[in-house]
Amino acid sequence: VKQNLSPKELALAIEVSESSVKRWVDDGLIRASRTAGGHRRIPTAEAIRFIRETHSTVTRPELLGVPDPASIQDAISREFGQAAALHSFLADGKAEEARGLVLWLYLAGASVASICDGPLREALARIGELWRERKDGIFIEHRATEIALTALLQLRGAFSPPDDGPCAVGGAPSGDPYLLPSTMASTTLMSEGIRAINLGPETPLETLRIAAEQHEAALVWLSVTHVRQPAVLERDLNRLLETLADRGTSLILGGQAAAKIRPRPAASLCAGSSMGELVAFAKGRCSTTPKSADAGSPKDEPT
Ligand code: B12
């Protein structure tokens, strides 16, 4: 995907006049910067947001650097579904196609949460079975993770939540090497207008606490796919919950291995099993500002 577009390129891509695009920029409907020579430059991420929100039809996808919708549709019908098409791109190392499919689903109106909980999760679950039956399974798994990660980061680049809006920080704990779940969480939250700071895998919970304090986060997410020492993680999580509660910050726990740890029930703690649930929880929590500790929690104990 190209970094920036000229008004002419965007106009050609969606078959409108260049003067319309320039007017939309000047009216603030499309965010753009100016070159030293005074020419308008539209970040491609911004163009993608605009196209999706206005349901514009992309007639020249190559100008945006996105794949031809017809080829994506072909792959989806050939493989019998979005998840199956994504799985085949990921398993075959077809990075451009996989990124294109994810971007296309978003452009076509799917929410980031539904892309993560649907095709991405399903495709990766299938990739996770390969090591049992194929010698090259683990190589395919590593490559697929890398491709899925770049697809998410490309999508994440399309969002720029306001600097003064609500903030969330999160990651995966020490001993957990998994990159994708926490990147999904940050991408999903960013798509919902929440400034999300992803500290990634192997993050000590003390580091999460410091980051949450520095950013005055309203929400902390913890994604757990692999637990090395459940007792240690439980102890650290209980400690983190105490300090977060003092500041009115909530924590949402999720991930495939989240049920392996049993923190003490706390009003500021919630458990979720999908990006959809993360969004629902964040929307409730991030509308209140940190420090104004509020009572009540949807669930007392993670399930
Ligand atoms: C990629 C991968 C790896 C990579 C990770 C690379 C990396 N740096 O990220 C590597 C190669 C390191 C790896 C290693 C291993 N892996 Co592995 N791995 C996977 C795989 C294929 C994908 C994981 C992934 O990213 N999934 C995508 C995520 C986003 O999906 P998800 O976790 O389900 O997340 C969803 C929800 O849980 C939820 N969610 C997630 N986080 C959060 C957070 C919050 C707050 C909320 C609300 C919701 C939420 O929303 C997400 C979207 O719907 C899975 C297969 C699978 N089913 O997931 C196996 C899998 C997890 N691995 C498995 C295994 C056995 C291993 C190994 C032990 C052996 C091996 N296969 O090599 C080692 C152990 C490593 C370790 N120290 O833990 C098993 C685990 C089985 C089990 N239950 O114990 C799985 C399930 C594969 C399988 N079917 O056997 N793995």
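Read the numbers this way: they start at 1 and go in the same order the structure lists the ligands and their atoms. Predicted, not measured: the structure shown is a model, and the values here were computed from it. Note: hydrogens, waters and symmetry copies are ignored here, and every other heavy atom, side chains too, is used.
At a 3.5 angstrom cut-off on N or O pairs, His226 counts as close to ligand 1. When only interatomic distances are considered, the shortest N/O to N/O separation between Tyr178 and ligand 1 falls below 3.5 Å. Every N/O-N/O distance between Trp221 and ligand 1 stays at or above 3.5 Å. Looking at ligand 1, you'll find an N or O of Pro177 within less than 3.5 Å of one of its N or O atoms.
Electrostatic pairing of Glu129 and Arg126 does not count as a salt bridge here, judged by no charged N lying under 4.0 Å from a carboxylate O. Ionic pairing of Arg31 and Asp26 is not present here: no N-O contact between side-chain nitrogen and carboxylate oxygen is shorter than 4.0 angstrom. Between Arg228 and Asp176 no salt bridge is recorded (no basic side-chain N to carboxylate O distance below 4.0 Å). Using a 4.0 Å cut-off between a side-chain N of Lys or Arg and a carboxylate O of Asp or Glu, Arg41 and Glu46 do not qualify as a salt bridge.
For Arg228, no heavy-atom contact with ligand 1 is shorter than 4.0 Å. With a 4.0 Å cut-off on non-hydrogen atoms, Leu179 touches ligand 1 through its backbone as well as its side chain. With a 4.0 Å heavy-atom cut-off, ligand 1 is reached by the backbone of Ser273 but not by any atom from C-beta on. Only the side chain of Arg121 comes within contact range of ligand 1, with a heavy atom under 4.0 Å; no backbone atom does.
With ligand atoms numbered from 1 in the order given, ligand 1 contributes 37 (O), 39 (N), 40 (C), 41 (N), 42 (C), 43 (C), 49 (C) to contacts under 4.0 Å with heavy atoms of Gly255. Listed by atom number, the atoms of ligand 1 under 4.0 Å from Gly128 heavy atoms are 21 (C), 55 (C), 87 (C), 88 (C), 89 (N), 90 (O). In the vicinity of Glu129, heavy-atom distances shorter than 4.0 Å reach the ligand 1 atoms 89 (N). Each of the following atoms of ligand 1 lies closer than 4.0 Å to a heavy atom of Ser223: 40 (C), 41 (N), 42 (C), 43 (C). Within the listing of ligand 1, atoms 1 (C), 6 (C), 7 (C), 9 (O) sit less than 4.0 angstrom from a heavy atom of Thr145.
Nearest approach of Leu90 to Ala123, heavy atoms of both residues: CD1-CB, 4.0 Å.
Heavy atoms of Arg132 come nearer than 4.0 angstrom to ligand 1 in at least one pair. Contact between Met184 and ligand 1 is present, with at least one heavy atom of the residue lying under 4.0 Å from the ligand. At least one heavy atom of Ser274 sits under 4.0 Å from some atom of ligand 1.
Taking the six-membered ring for Trp, Trp24 and Phe50 have ring centres closer than 6.0 Å.
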